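Each chain gets a letter, A, B and so on, in the order the sequences are listed, and its residues count up from 1. Remember, predicted model here, so these are calculated numbers, not experimental data.
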Amino acid sequence: MRVRFILYRRYCTSNAIFSNSQISRYARLGQIENARMVFDEMPERTTVSWNSMIAGYFQNNQPGEARKMFDRMQLRNLVSWNGLISGYIKNGMVSEARKVFDSMPERNVVSWTSMVRGYVQEGKISEAESLFWQMPGKNVVSWTVMLGGLIQDGRVDEARRFYDLMPEKDVVARTNMIGGYFQAGRLAEAREIFDEMPRRNVVTWTTMISGYVQNQRVDVARKLFEVMPEKNEVSWTAMLMGYTQCGRITEASELFRAMPVKSVVACNAMILGYGHNGEVEEARQVFDNMREKDDQTWSAMIKVYERKGLELEALKLFTLMQREGVRPNFPSLISLLSVCGSLATLDHGTQIHAQLVRNQFDLDVYVASVLITMYVKCGNLVKAKQVFDRFGERDVVMWNSIITGYAQHGLGEEALQVFQKMCSLGIPPDDITFIGVLSACSYSGKVEQGHEIFGTMKSKYQVEPGTAHYACMVDLLGRAGQVKQAMDLIEKMPVEADAIVWGALLGACRTHMKLDLAEVAAKKLIQLEPHNAGHYILLSNMYASKGRWHEVADLRKTMGAKSITKSPGCSWIEVEHKVHMFTWGETTGHPEHVMIMRMLERLGVLLREAGYCPDSSFVLHDVDEEEKVQSLGYHSEKLAIAYGLLKVPQGMPIRVMKNLRVCGDCHSAIKLIAKVTGREIIVRDANRFHHFKDGLCSCRDYW
DNA sequence: GACTAAAATT
C-alpha cells in the first residue's frame, strides 16, 4: 500500500515536471501560445509551473502578461520574485525592477545580483557599484557581474584591481578579465591571464580568438583556433568574421565551407563579406541555402544588392522581406533606412521612421542624421528639415546632412544660410561641410563666394582641401563658363585628380560644347574607372558625332573584350506603398499597361501643342546608340512619370527615381510636362535632384 | 526552477 502510494506520487510529480519543461521549451522557441496551452491544461500546477510561464512571457517580450500572471498566482516564493526582477531587466525596465526589489518581502544574493546587473546594463555603473558594496553575502557571480560593469565602462585598471580583490575567481571571471584587456588593446596582459588559468573552457578560447581578431591579429587567432580542444558555433563564427572583416574572402569562404554548423551570424557575415568583394552571386547562394534567416540576414542581402547598384533586386527582396513578416530590429532598421535613401523609397523610409519613433530610437544623433539623409535622398526636404529642427543637440554630421541636402536639391541660398548659422554657433565645420557648401555656391552661381570660402578653408578652419573640394571648384568654374580656368585648376592641384574631378570637367565641357577638352576628360575617366560603361559610351558618341568611326569600332571592341555592360536604365515610383519599376521601352509587364500608354499618347499631343520638338543631339550624354534610335517617348523616366500622373493625387509632387542620368531630351520634355500639367515633378537621377515646376528645373539645365 | 563570460552591417 505504501509503495503504491509512493509510485502514484512519483507519477504525478513527473507529469508536472514534464509539463513544466514543455512550457520552458515552447517559451524558448518563441511559441508562447503553446506554452500557455500546456499550462492551462495542467490538472495541478506547481509554483514552478507559474514561474516558468512568467519567465516565458518575459522571454517573449510581454512584460505586461508576465505581471498579470504574477499578480494572479497564490504561492509565490523567492524565485518568483527574482524572476520578476530579472524579467523586467531583460526587457530593459530597470526602474520597474527596482520597485519590485524595494517592495519584496525578502531578498537573497540572486535578487541583489540581478539588480546590480540591471544598472550595469543601463550603463549606470556608479549606481551598480553602490548597490554592490551594500550587498550582503556576495558570491562569485555577484563579483563577476560588477567586474563586467567596470570593464564595460572602459575602466580596465580599476577592473584589474577589483579582480585582484575577488575572494575566489572562476573561469567566467577570468574570461571576463581577458575580454576586458582585449577591449583595451592590451594583448600581453590578456594572454598572461589566459596562460595562467588553471581551467579553460570553449568560451575562454573563443574570447581569445575574437580578442586577437579585434586587434587585427587574425593569424595569431587562427593558430589558437587550430589548437583549441573544443569548438562550437560561436568559435567558428568568430574566426570567420576575422577573415571577412579584413577582406580576406578566400580564406573566409574556405573556413565557411568547412564549418560543421553554419550559424545565422556566420552566414550573415559571409553574405556581407562576399558583397564587400562584389561577389553578389556567391552572397545570394549563401542566402538561399540558409534554413533559418533573421532580420539581419535580409538587410545584409539587400545591402549587398544596393551597394552593387542592383536596385531592382534590392527592392524585390525588400518587398519579399515585408511580405514574410520579418520585423527588423535596431541595427537592421538603420541599415534599411540608408537603403531606403539609396533606393529613394520614401514610403518604406517613412514606415521605418515611425518604427524608430515607436521605440524611441529617433532620439539618437546618429539616427537623426541617417533619417535626414534618407529624406533628402527621397526628395522630401520638408521632412528632412523637420527632423533637423526638432533635434536639440546637433553634431557636425547632422549639420552636414542638411547642408548637403540643400545643395543636392539646388537650394544654394538655404545651404549657405545654414552654414552661416552653424559657424555663428561655434560648431567647427569639417571637410564634408565644405563639400556641401562649395557645391551650394556652384548651384547658385556664387562664383566669388565659392572662391572666397575655398581660400579660407585651410587658413580659417584648418581643413585641407582634398580632391572632392577641387571637384567642386572645377564644377563651379565650369558652370560659370570658365572651362579653361577649370582645366588650369586641375593641373595646379597638389593632389592627383580623381574620377570625380574629371567628371566635373566633363560636365562643364558638356554644357559649353568643348569637345576637345571633353575627349581628354573622358579618356582620363576610362583610365581611372575602366569598368564604368558610361565613360565608353560617352567617348564613343563623341567620336561618332565627328565621324571618327574607326575609334568608335575600337572602343566597342575594348568594351566587348573587357565584358563591360551598361546597367540597364530603369526608373521607379512609389504609389500607395508599392514600388513600380519601369525599364526602358515597354510597360507590357505592368497591370495598368493600357492606361499608361494612353497617358503617354495624351502627353505626346500636349507636348507637341506646346511646341516641343524631340532633341536627339545629346552627344555628351552617356546614352547608347540603341536608345537613341528608340522612340524618345519611351525612356523609363517618362513611363514612370506617366504612371505618376495617373496615380498621384493633384497637389502632391510626383517623385521619380532613375538609376542613370536623365538624358537631355527627357529633361526638356519633363520641364514641359510640368508646365502643361501644372504638376511638380521631382526626379532623382544618378547624380542629383531635378525639381521641375512651371517649365523650369532647379538644376538650371546643368547636370 | 532565478543571477555571470564569447560571434553581429550603423
* Report the residues that fulfil salt bridge (Lys or Arg N to Asp or Glu O under 4.0 Å) with A/E313, sequence neighbours left out, ordered by chain and then residue number. => A/K316
* A/V387: side chain to side chain contact (heavy atoms under 4.5 Å, CB included) partners, not counting sequence neighbours -> A/H353, A/A368, A/L371, A/I372, A/Y375
* Considering residues at least two apart in sequence or located in another chain, which fulfil the side chain to side chain contact (heavy atoms under 4.5 Å, CB included) criterion with A/E233? ->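 For A/E233 the side chain to side chain contact (heavy atoms under 4.5 Å, CB included) partners, ignoring immediate neighbours, are A/V261, A/S263.
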* Does the pair A/N277 and A/E279 meet the rule for a side chain to side chain donor-acceptor pair (under 3.5 Å), with working shown? -> CA-CA 6 Å; A/N277 225 24; A/E279 300 175 38; 2.9 Å; yes
* For nucleotides 3-9 of chain B, read 5' to 3', which letter fits each nucleotide if B means a protein heavy atom sits under 4.0 Å from the base, S means only the sugar-phosphate is that close, and - means neither? -> BBBBBBB
* Starting from the C-alpha separation in whole Å, work towards a yes-or-no answer on side-chain contact (heavy atoms from CB on, under 4.5 Å) for A/K262 and A/W236. => CA-CA 8 Å; A/K262 296 175 173 61; A/W236 281 90; over 6 Å; no
* Kindly state each residue pair satisfying side-chain hydrogen bond (donor to acceptor under 3.5 Å, both in side chains) with at least one member in residues 238-249 of chain A, sequence neighbours excluded. => A/D219-A/R248, A/R222-A/Y243, A/R248-A/E251
* Is the distance between the ring centroids of A/W81 and A/F101 under 6.0 Å? ->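 Distance test on ring centres: not under 6.0 Å, no.
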* Near-strand residues of residues 46-70 of chain A, defined as heavy-atom separation under 4.0 angstrom from DNA chain B ->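 Within this stretch, A/T47, A/V48, A/N51 sit under 4.0 Å of the strand.
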